[in-house]
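Worksheet: the structure to be examined is printed underneath.
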Amino acid sequence: MSGDYHPPAGWRWLLTWNGIGAVVVTVAVTISLWQVTKVRRSDYSDQRVVVRMLHWQLEAGYREALQLVIDDYNRMMAERHRRGEIPKPVVVMQVAVSEKIYGQVVNTNLLAREAPDLISMGDFALKSCGAQKAQHFLCLDELVRQPNPYNAPNHLAGADIDPAIAAALPTLAWRDTFIDGMRGAFDDDLQGFYAIPTNFFIPGRLSYNKDLLKAATGSEEPPRTFGQLLDICTKVKAYGERQGRRIVPIAGTRANLVYVEYYLLPFLASYRRSMDLNRDGMVSPMEGWAALGSGAFNFHDKPFRELAEASQALAEQFPPGFLALERDTGIYLYTQGEAAFHLSGSWDAGTLYHLTEGKFRMGIVPFPLPGPGERWGDPPKIAASEAGWVGGNLFGVYKYGHTAEAVDFLRFLTSWVQNQRCNRACDWGPNVIGTSLEERMQAFAPRLDGLQQLSFWAPIGPIAQQVGSIYRGQMQALLSGEASIDQVIEKVMDAYNDDAIGEPRIWAKAYDDQKTYLRTIERTLSVQALVARLSGADRQEADRRYRTLLSNQVMTTNAENLRLTWNQTIGATTGRSFPEAAR
Amino acid sequence: MSTVAGTPAIALRRGWWSRARFLALLWLMMLPTLAGLAVFTYYPNLEAVKYALFKWDGGAVEEYRGLHNFAQIFGGGDPRFWAAFSLIGVLLAANVLKMWPSIFVAIVLHRLKSERWQFFYRVMFVIPMVIPGLVALLLWKGFYDPNVGLFNKLLNWTGLMSVLDAFDRGMPQVAAFIATNLLHWNGDSPLWSLLLLPTQLITPLFGGAWGLAACAVVLLLLRDGLASVPQRWMLWILVLGLAAFAWGPEPLVLTIRATVLLGASAALVEWSHRRDPLEARDRLARLALWALGIGLTLVLLTKTWPVATGAFANGSPSWLGHSKLVVPAVILWGFPWIGTVGVLIYLAGLSNISKEVYEAAELDGIGFWGKIFRIEIPLILTQVRINLIFLTISTLSEYGFFLILLGPDGGPDNAGLTPGLFMYQKAFIENEMGYACALGMVMFVLLLFLTLIYQKHLKVEK
């Protein structure tokens with residue numbers, strides 16, 4: 001530092017570099033403080049009730065569509081306040097947060113007791129355990145048994161609705177106005193409703209560029225079978241080379257790997273009966289592991305090998321290095337006309353239609369399966385039925401916020417008129433009975449015929465732990481062309497047969513988790529018993545919940561059903577004893 | 001400063017009451033910061049220590065398990081966690097190389113004669129700090145795009161892609177030749193085998209090229225004589241721990257090999273010191289460096305590129321989508337590796353070197369490079385140590401970088417799975433938060449150990 005420095009006195013100091021810096025910092029801090037207090041004053045004003053609605057849906061169209069409903073509601077509430085029906089006006093505000101940080105935002109807000117009033121039930125840890133969900137979110141059991149007042153005749157006036165449905169809606173219980181009876185929102189652990197579904201998602205559709213198909217193949221007919229899809233892809237590649245343009249057949253990215261699992265059930269359907277031990281129509285994770293351990297399922301067998309080959313053939317149509325590409329890149333490639341096909345679900349349809357408007361004509365078909373006479377077509381492959389799909393985009397009501405106002409808005413949002421309006425505006429699927437999809441979204445209507453199965457086992461998910469991680473890593477290597485099917489199977493089976501991370505650990509953890517879950521249920525039972533004693537008028541409800549939770553606990557047979565499954569399958573065929581020591 | 005009784009010195013000379021008031025005032029000023037530190041830094045970390053002993057899923061499941069989590073970690077319950085450290089080893093070695101551009105830039109800036117230009121360049125280096133790390137990460141992800149990324153375009157435009165392709169075809173053949181002819185007995189041609197006998201002894205004697213390198217490091221540590229062993233006990237723990245992987249893994253083979261190699265090294269050292277005490281240190285260091293050079297060269301030629309990837313043939317390799325290219329991509333990230341913080345830290349150290357030292361060096365005839373390696377770098381070892389500690393901490397604990405670039409499984413073939421990412425998997429995918437805390441504690445102890453080694457052995461020789 002140089003010595004003998006004397007800064008100018010008085011206002012002239014502001015003209016020095018230090019002074020300018022200090023002024024800039026002061027102004028910036030002042031503006032920031034003003035912005036923060038402005039938001040705080042707005043959100044926490046005593047003059048009105050502000051209901052905040054948190055979600056992560058940043059897709060094009062959803063926020064605008066939701067805002068249409070919110071604006072209507074806010075106007076209605078302002079009018080009601082003006083007429084003196086409510087003491088303060090209610091204002092709903094939506095807060096959209098990126099999916100990447102959504103979990104952390106919700107967790108932090110819940111722990112800080114400053115959560116928004118309505119929270120989209122995405123992937124955050126504090127909702128994963130039943131007791132935690134009950135701690136933070138309002139139980140809606142009683143509310144969903146009452147009719148939705150916004151389905152009253154005065155709200156349905158002028159709507160293009162089936163008269164029989166219009167007559168039934170005003171008196172139907174809220175839960176019965178949904179196409180799935182709110183099955184998707186039912187919490188099996190807590191035996192109750194803790195969220196409301198607001199629309200209907202259908203995954204697994206293939207969007208295609210009609211104009212590009214016509215140019216490359218001479219026909220804009222979409223592929224109906226897997227073989228036709230591969231054939232078209234070959235022609236599209238050749239077309240691109242003739243034109244000297246970079247054209248990929250399918251705009252696949254790392255985000256599309258999940259669609260490979262769409263083919264799991266059709267290709268592995270022959271295992272359903274042998275793997276579904278309890279005949280509930282689903283192959284649970286532990287049933288899958290039991291089949292693998294007992295030899296009833298083998299990766300080397302024809303079904304899985306065919307699945308792997310078909311997945312490889314599909315991935316070969318993706319752009320080179322697709323594992324490094326994000327979902328946005330896939331959408332970009334497709335909407336810029338550099339890809340003939342795009343794999344996605346109904347949530348992206350609006351975005352795709354919007355971005356391709358004026359560029360090319362778009363069509364949507366289901367994922368094609370191998371047809372008769374084609375490679376992998378024997379035995380015939382049948383797609384899974386979508387009859388069992390349930391409502392999604394669930395919103396829970398934060399227990400310590402403006403619960404009455406939040407519930408009221410949810411009723412408004414899921415009324416017949418608003419539900420159809422909101423979802424049509426963003427090209428999503430409405431989920432109230434009698435509503436219908438936009439014409440161009442008809443391809444997303446659930447297909448009811450097919451194999452009855454909602455889920456099928458694969459070595460993935462939390463129970464699979466490290467074996468699942470290795471499986472996913474190996475599948476990526478397989479689909480990128482780095483590894484062969486035999487190499488993948490070898491590595492996955494090496495992991496599965498490893499005592500440290502494989503079969504013993506998986507079963508021991510599942511057993512341990514069930515025991516822990518039971519202890520959680522017991523704690524919840526204790527709380528319910530206390531609530532039942534103290535609640536007075538709500539005693540009946542508390543008693544009912546106690547009985548259902550107890551029933552739930554009893555049905556898990558103290559986690560011994562796992563031991564029974566082991567003994568009946570792996571134990572019976574291999575003689576190995578249940579791996580308690582691994583715990 | 002203090003208004004209690006005039007100047008602080010006066011306050012301290014007055015009675016205990018004045019002293020107490022003065023100290024109380026100081027503590028009061030520090031209290032907000034200490035409270036914030038305690039609540040937002042120490043408390044969460046202590047909670048992590050607590051939850052390491054629990055089965056905890058981040059929610060209501062909270063059951064005391066004692067040392068069960070640690071027993072699982074150290075009892076072979078998670079071999080992938082330990083295997084992930086091999087990637088960390090590569091990244092730490094790369095960090096040592098990646099430090100140098102910042103050092104050289106700092107030296108160049110320091111040597112600028114014009115203070116105005118120095119100031120200008122310092123500001124230019126600081127400005128990029130406003131870019132959030134996530135933005136830089138996503139920019140680089142764009143660079144690595146196989147089809148439209150800048151990186152592949154640059155490689156194609158400069159012709160380096162064809163060089164890489166040639167390496168991709170040639171290096172595996174070199175590796176195979178060395179592995180089958182140099183490092184192992186090949187009885188097809190007796191004369192040929194005799195000529196290669198010295199190299200063919202590497203595998204049986206040292207366990208391979210890595211073993212030779214480990215033995216060279218042992219010799220380097222011993223160069224000052226057996227009496228120096230107690231002073232460097234932390235380095236010995238580290239080196240012998242790593243050497244065990246190279247000399248083993250079978251326990252009996254490891255024991256015999258370690259005994260023979262350590263005994264031979266000790267005997268060589270003692271003999272050299274008794275024979276020629278003055279020159280022994282330099283001779284042993286030269287021998288060790290030669291052996292280290294041979295070992296590392298063999299490792300480089302046999303382990304870095306053993307299999308052809310075929311990724312460069314079409315001119316658009318997928319740097320983040322190919323398991324063999326993920327690690328080079330991670331190492332190359334941030335090129336030319338001139339970090340603002342590093343440059344400023346080194347510059348601060350260089351500014352403490354007085355001009356007389358340079359003048360004396362010039363009088364002694366030391367040139368440009370001599371000043372760098374004999375004056376500047378030795379005198380900024382404190383700053384080098386600080387940066388190395390930061391780099392080590394960030395490398396060992398980093399997971400967000402790999403999560404965003406490669407996904408939660410570490411990409412194809414789990415090539416980018418680091419201990420930090422493994423910890424993330426355990427916490428947020430498998431809901432084993434308590435176990436993840438225990439993993440964090442293990443990594444903390446490792447980091448502490450490495451930091452202590454840097455503190456003890458990487459310092460300016462007064």
Side-chain angles (χ1 to χ4, degrees), chain A residues 100 103 107 123 125-133 135 246 248 254 257 319-326 329 333 338 461-466 468-483 487 491 495 498-501 505 509 512-513 516-517 519-520 523-524 582-583, chain B residues 55 57-63 68 72 75-81 134 138 141-142 144-149 152 309-311 314 316-326 329 403-417 421-422 425-433:
Chain A
K100 284 189 162 58
N107 284 337
D123 195 14
L126 285 177
K127 76 149 177 80
S128 61
C129 171
Q132 284 288 63
K133 191 187 280 188
Q135 184 180 342
R246 186 177 74 106
V248 294
R254 193 172 74 193
L257 287 179
F322 71 91
L323 284 177
L325 304 179
E326 293 288 348
T329 310
L333 281 173
E338 293 178 26
I463 291 178
Q465 298 185 64
Q466 294 305 301
S469 176
I470 291 169
Y471 173 83
R472 286 189 296 270
Q474 289 306 304
M475 285 306 286
Q476 288 186 23
L478 175 76
L479 296 178
S480 64
E482 268 191 72
Q487 286 169 332
K491 284 204 175 172
D498 186 315
D499 284 341
I501 62 172
R505 181 87 172 263
K509 182 169 184 334
D512 199 35
D513 284 351
T516 308
Y517 164 70
R519 286 193 283 275
T520 312
R523 281 195 285 273
T524 312
R583 290 182 296 129
Chain B
K55 174 176 174 165
D57 72 344
V61 176
E62 198 177 307
E63 297 176 2
H68 177 267
Q72 196 168 303
D78 265 319
R80 295 179 82 223
F81 173 67
L134 185 63
L138 293 174
K141 197 167 182 186
Y144 281 138
D145 186 300
N147 303 299
V148 298
N152 280 348
T309 64
N314 63 358
S316 57
S318 175
W319 292 94
L320 299 175
H322 194 293
S323 63
K324 299 288 183 289
L325 300 182
V326 161
L403 180 66
I404 290 173
L405 285 187
L406 304 168
D409 297 306
D413 202 16
N414 312 113
L417 185 69
L421 195 59
F422 186 87
Q425 274 185 9
K426 282 291 175 188
F428 296 105
I429 294 178
E430 298 174 28
N431 290 331
E432 290 184 45
M433 299 248 185

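Just so you know, these numbers use all the heavy atoms, side chains as well, and skip hydrogens, waters and symmetry mates. Letters A, B, ... are given to chains in the order of the sequence lines, protein chains preceding strands, and every chain is numbered from 1.
When each of B:Gly321, B:Ala415, B:Gly76 is scored by its heavy-atom pairs under 4.5 Å with chain A, the top score falls to B:Gly321. Ranked by heavy-atom pairs under 4.5 Å with chain A, the first of B:Gly410, B:Gly407, B:Pro408 is B:Gly407. Put simply, of B:Asn147, B:Val326, B:Leu417, the one with the most heavy-atom pairs under 4.5 Å next to chain A is B:Asn147. Among A:Glu482, A:Glu326, A:Met475, A:Gln474, the residue with the largest count of heavy-atom pairs under 4.5 Å with chain B is A:Glu482.
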*Kindly indicate, with the supporting measurements, whether the criterion salt bridge (Lys or Arg N to Asp or Glu O under 4.0 Å) is fulfilled by B:Lys55 and A:Asp512.*
CA-CA 10 Å; B:Lys55 174 176 174 165; A:Asp512 199 35; 3.0 Å; yes
*Could you go through the salt bridge (Lys or Arg N to Asp or Glu O under 4.0 Å) check for A:Lys491 and B:Asp413 one step at a time?*
CA-CA 10 Å; A:Lys491 284 204 175 172; B:Asp413 202 16; 3.4 Å; yes
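Within the 4.5 angstrom heavy-atom criterion, only side-chain atoms of B:Asp145, from C-beta onward, approach chain A. Looking at A:Leu479, there are no atoms closer than 4.5 Å to chain B (heavy atoms on both sides), in backbone or side chain. Of the atoms belonging to B:Tyr144, not a single heavy atom falls under 4.5 Å from chain A. At a 4.5 Å heavy-atom cutoff, the contact between A:Ser480 and chain B is made by side-chain atoms alone. Heavy atoms closer than 4.5 Å to chain A are found in the side chain of B:Val148, but not in its backbone. With a 4.5 Å cut-off on non-hydrogen atoms, B:Pro412 touches chain A through its backbone and its side chain both.
Ion pairing of A:Arg519 with B:Glu63 is present here, as a side-chain N (NZ or NE/NH1/NH2) and a carboxylate O approach within less than 4.0 Å.
Neither side chain, A:Gln466 nor B:Asp78, offers a donor N or O lying under 3.5 Å from an acceptor on the other. A donor-acceptor contact under 3.5 angstrom links the side chains of B:Trp319 and B:Asn152, judged on distance only.
Considering CZ of B:Phe81 and CD1 of A:Ile501, their distance stands at 14.5 Å, rounded to 0.5 Å.
Taking every heavy atom of both residues into account, A:Pro320 and B:Pro146 meet most closely at O-CG, 3.4 Å.
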